Amino acid sequence: MNAQPELTILLSRDEIKMAVSRLAEEISREYHDKNPLLIGILTGAFVFLADLARSLDFPLEIAFIGASSYGEGTRPGALKITAEVPRDIAARHVLVVEDIVDTGHCTSFVLEHLGGMSPASLKLCSLLDKPQRRQEQVKIDYLGFTVPDKFLVGYGLDWNQKYRYLPDICYLEF
Ligand code: IMP
Ligand code: MG
């Protein structure tokens, strides 16, 4: 029989809401007159980007980009773009929106990829930072929370595609 993992709340919806408001204020100060392009990394960032964008009250645009690891047989950590950003980002002020920076591979790969497309500026906003597992250095310009080395789900984050819809961020115990 498959035991269901237990969920414990790490960050409640109210704590997340306050962090999103704080980040929105910080981002507004820099971007209010820049018509920025917010690019969410699929799929985990979709909830955070939706809440963040609705907390910003100046002109901006939204797009998504997909990135994932290659299948078995290639070197570990090798990544590919699975959904290209459907917009010319040259000369745009781009703010990448990520759910969590863990090892750092995915985010730095996406930043490098977008950086090659001549944006006017390129910065990173991540809701969560799990620094204990970092392998590649990533500069997070706007950060919600630093979190412990636990497996997190909810608010966009999944375990085997499950739990993305939960409004709180929880950790899984098996
Ligand atoms: P990276 O290890 O920094 O490359 O993270 C790659 C992606 O793995 C993140 O953008 C998340 O979508 C996902 N991820 C990392 N840590 C967790 C976690 O604790 N729960 C769910 N997804 C995670
Ligand atoms: Mg992600």
Side-chain angles (χ1 to χ4, degrees), residues 2-13 15-16 19-20 23 27 36-53 62-87 89 94-117 122-174:
N2 278 337
Q4 279 298 315
E6 253 186 63
L7 295 174
T8 309
I9 293 180
L10 177 71
L11 297 165
S12 71
R13 62 199 78 184
E15 290 174 287
I16 297 169
V20 170
L23 289 170
I27 289 166
L37 177 60
L38 273 51
I39 301 182
I41 305 181
L42 292 169
T43 302
F46 83 106
V47 178
F48 177 43
L49 177 51
D51 280 348
L52 182 66
I62 293 170
F64 285 93
I65 189 169
S68 75
S69 311
Y70 281 100
E72 280 167 59
T74 48
R75 70 187 166 84
L79 287 147
K80 64 176 170 182
I81 299 297
T82 54
E84 186 53 274
V85 56
R87 203 80 57 82
I89 71 163
V94 172
L95 180 62
V96 173
V97 178
E98 177 62 302
D99 50 0
I100 183 166
V101 182
D102 184 19
T103 64
H105 290 306
C106 179
T107 321
S108 58
F109 178 75
V110 168
L111 286 171
E112 206 166 297
H113 176 75
L114 295 175
M117 300 166 97
L122 181 62
K123 287 195 173 181
L124 173 65
C125 173
S126 182
L127 180 63
L128 306 174
D129 179 14
K130 201 192 277 181
Q132 273 164 270
R133 282 171 40 89
R134 190 77 85 257
Q135 293 175 2
E136 231 168 290
Q137 211 187 317
V138 177
K139 179 170 183 266
I140 305 176
D141 300 285
Y142 303 96
L143 173 66
F145 304 93
T146 300
V147 294
D149 182 11
K150 290 180 184 297
F151 196 81
L152 305 175
V153 296
Y155 202 73
L157 294 156
D158 75 304
W159 173 67
N160 292 340
Q161 300 302 328
K162 298 186 215 313
Y163 304 119
R164 289 194 197 275
Y165 59 91
L166 298 177
D168 308 296
I169 293 174
C170 304
Y171 59 89
L172 280 186
E173 282 175 312
F174 295 90

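These numbers come from a predicted model, not from an experiment. Whatever order the structure lists ligands and atoms in, that order sets their numbers, starting from 1.
In this structure, CD in Glu112 is found 13.5 Å from CE in Met117, a value given to the nearest 0.5 Å. Atom-to-atom distance recorded for Thr107:OG1 and Lys139:NZ is 14.5 Å, nearest 0.5 angstrom.
Contact annotation: Ile100 has at least one heavy atom less than 4.0 Å from an atom of ligand 1. Within the structure, ligand 1 lacks Gln135 among the residues with a heavy atom less than 4.0 angstrom away.
Of the possible polar contacts, none joining the Asp99 side chain to the Leu157 backbone as a donor-acceptor pair under 3.5 Å is found. In this structure a side-chain-to-backbone donor-acceptor pair under 3.5 Å is missing from Arg164 to Trp159.
Distance remark: protein heavy atom present below 4.0 angstrom from atom 11 (C) of ligand 1.
Around atom 20 (N) of ligand 1, the closest heavy atom drawn from Leu152, Val110, Leu172 belongs to Leu152. Comparing Ile41, Asp158, Asp102, Thr43 by heavy-atom distance to atom 5 (O) of ligand 1, the nearest is Asp102. In this comparison of Arg133, Arg134, Lys130, the heavy atom closest to atom 19 (O) of ligand 1 sits on Lys130.
Heavy-atom minimum distance, Ser108 versus Glu136: OG-OE2, 2.8 Å. Shown here for Ile65 and Leu114, the closest heavy-atom pair between the two residues is CD1-CD2, 3.9 Å.
Contact atoms of ligand 1 toward Lys150: 19 (O) (distance under 4.0 Å to a heavy atom of the residue). Here is the list of ligand 1 atoms found below 4.0 Å of a heavy atom in Cys106: 4 (O), 6 (C). For ligand 1, the atoms sitting less than 4.0 Å from at least one non-hydrogen atom of Glu98 are 10 (O), numbered in the order shown with element in parentheses.
With respect to atom 22 (N) of ligand 1, the closest heavy atom belonging to the protein is Leu157 CD2, 3.7 Å.
Annotation: Gly104 places an N or O atom under 3.5 Å from an N or O atom of ligand 1; distance criterion only. Annotation: Thr107 places no N or O atom under 3.5 Å from an N or O atom of ligand 1; distance criterion only.
Contact of the Ile41 side chain with the Cys106 side chain is registered, since non-hydrogen atoms from C-beta on lie closer than 4.5 Å. Using a 4.5 Å heavy-atom threshold, the side chains of Leu38 and Val96 count as separate. For the pair Ile100 and Lys130, the minimum side-chain heavy-atom distance is below 4.5 Å.
Taking the Mg ion (ligand 2) as reference, Glu98 places its N/O/S atom OE1 nearest. With respect to the Mg ion (ligand 2), Asp99 has OD1 as its nearest N, O or S atom.
Between Asp129 and Arg134, at least one side-chain nitrogen of the basic residue sits less than 4.0 Å from a carboxylate oxygen of the acidic one, meeting the salt-bridge criterion.
Counting heavy atoms under 4.0 Å from ligand 1, residue Asp99 touches it through the side chain alone. With a heavy-atom cut-off of 4.0 Å, Thr103 touches ligand 1 through backbone and side chain alike.
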